[in-house]
Amino acid sequence: MPELPEVEVILRGLLVLKGLAVTGIEAPRPGPNTPVDLESLSSATLERKLEEIERRGKYLLFRFSGPREVVFHLKMTGKLLLRGDFSEYARYHRVIISFTRGQKLIFNDVRRFGFCICDSNDTSCRTCLPEFGPDPLSPSFGAGSLSGSAGDRRLKLKNFILDQKVAPGIGNIYANEALFRAGLNPFRPVNTVGAGEWESLARSIRELLLEAIDYGGTTLGRGWSHFCNARGEPGRFQERLMVYGREGEACVRCDNEIRSMPLNNRSTFFCPLCQEV
DNA sequence: AGGTGGACCTATCCGC
DNA sequence: TGCGGATA
DNA sequence: GTCCACC
Ligand SMILES: [Zn+2]
């Protein structure tokens, strides 16, 4: 499930496409959840040069000459792959964009939740994107932005940092890990969090995400539906996870048992001792 | 306002 | 081994 | 991972 670090790792791998032009579009096979309208994808990319790739939260934005923009969201199992031997997974290929120099961008997605939207002659696809808060890796993100959007609201801390207007790019894994690092209970109402605790949370989030990017992202299992970078390689941050997926195991800090509880239909892992209410 | 549960899909993992 | 159920 | 309908 690509979150900020995984999307960032993919983006960095795709930078080799910058400066190349699109020579063809191909949609291997139909099926449920059509990921993109081929007509508009073609008119937004064909014969155009890729000028820039950027990330907004978990979205990837490709700017082609024109300018025309194309935006991808990978949801749970989407992948963006460069030219390579992925023939055994070809049944999950959704769209293949060919570039000059024989380069390719392959959108592959096992669960078919991911999608791609493009600019048309008159409208920018940015208008379809949600609002984003300050990127956690940018200077405008911090204790101030967190406590500001918390105000006197009563929602639980974990739900709060999963809000893309608060910490765009954070998903379930990194929400759990960030709260553990900050020593904060996921179920605490945000209006009880103090200034020092916001500082600690902001720092935890930033450091965590940078470290995860350094490790090439998190790859939970070995199946194809798990994360890999643009060259098909897994990440290594799973070795550094301290609470996620560790129910019943010993807390790395206090040796007590890590517990898991559902919150918002998603598993929430925490140490009851290190993260008291 | 905030929380829950389902919908969208397919694969994998676990226990019986 | 095969199957339902839970989870990603 | 996100959206939406419902309490
Ligand atoms: Zn602990």
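Excluded from the calculations below are hydrogen atoms, water molecules and symmetry mates; all remaining heavy atoms, backbone and side chain alike, are included. By convention in this document, chain letters (A, B, ...) are assigned in the order of the sequence lines, proteins followed by strands, and residues within each chain are numbered from 1. Remember, predicted model here, so these are calculated numbers, not experimental data.
Across the protein-nucleic acid pair, A:Phe269 atom CZ and C:dA8 atom P stand 6 Å apart, rounded to whole Å. Put simply, NZ on A:Lys75 is 19 Å from P on B:dA11, counting in whole angstrom units. Atom P of nucleotide B:dA11 and atom CZ of A:Arg112 are separated by 9 Å, given to the nearest angstrom.
Under 4.0 angstrom from either OP1 or OP2 of D:dG1 there lies at least one side-chain N or O belonging to A:Lys58.
Residue A:Leu263 is in sugar-phosphate contact alone, with no base atom involved, counting any heavy-atom pair closer than 4.0 Å across all strands shown. Contacts of A:Met76 with the nucleic acid, taken as non-hydrogen atoms under 4.0 Å apart, include base atoms. Looking at heavy-atom distances under 4.0 Å, A:Asn159 makes contact with sugar-phosphate atoms alone, never a base. The residue A:Ser267 sits close only to the backbone: its heavy atoms come under 4.0 Å of sugar-phosphate atoms, none of a base.
Contact check on A:Arg181 versus A:Glu207 returns no salt bridge, with no Lys/Arg side-chain nitrogen under 4.0 Å from an Asp/Glu carboxylate oxygen. Ion pair A:Lys104/A:Glu26 not flagged as a salt bridge, since none of the NZ, NE, NH1 or NH2 atoms sits closer than 4.0 Å to an Asp/Glu carboxylate oxygen. Under the 4.0 Å criterion applied to side-chain N and carboxylate O atoms, A:Glu131 and A:Lys165 are not assigned as salt-bridge partners.
For the residue pair A:Tyr92 / A:Ser225, no side-chain donor-acceptor distance below 3.5 Å is found, with atom types taken as modelled.
In this structure, A:Phe113 forms an aromatic stack with the base of B:dC8, since both conditions hold: centre separation below 5.5 Å and plane angle below 30°.
Comparing B:dG2, D:dG1, B:dA11 by their nearest atom to the side chain of A:Arg91 picks out B:dA11. Taking only side-chain atoms of A:Tyr244, from C-beta outward, the nucleotide of D:dT2, C:dA8, B:dG2 with the closest atom is C:dA8. The side chain of A:Arg154 sits closest to B:dG2 out of B:dA11, B:dG2, D:dT2. For A:Leu155, counting side-chain heavy atoms from C-beta on, the closest listed nucleotide (B:dT10, B:dC13, B:dG2) is B:dG2. Considering only the side chain of A:Met1, C:dA8 comes nearest among B:dG3, C:dA8, D:dT2.
The pairing partner recorded for B:dA1 is none, the criterion being a Watson-Crick or G-U wobble arrangement whose two distances lie under 3.5 angstrom.
When the C1' atom is compared between B:dT10 and C:dT1, the two are found 22 Å apart, to the nearest whole Å. Nucleotides B:dG6 and C:dA6, compared at atom C1', are 16 Å apart to the nearest Å. Only the P atoms considered, B:dT4 is 15 Å distant from C:dT7, to the nearest whole Å.
A donor-acceptor contact under 3.5 Å is formed by the side chain of A:Asn265 with the base of B:dG5. Side chain A:Arg111 to base B:dA11: no donor-acceptor pair is found below 3.5 Å.
Taking the six-membered ring for Trp and thresholds of 30 and 60 degrees, A:His73 and A:Phe115 have nearly parallel ring planes, at less than 30 degrees apart.
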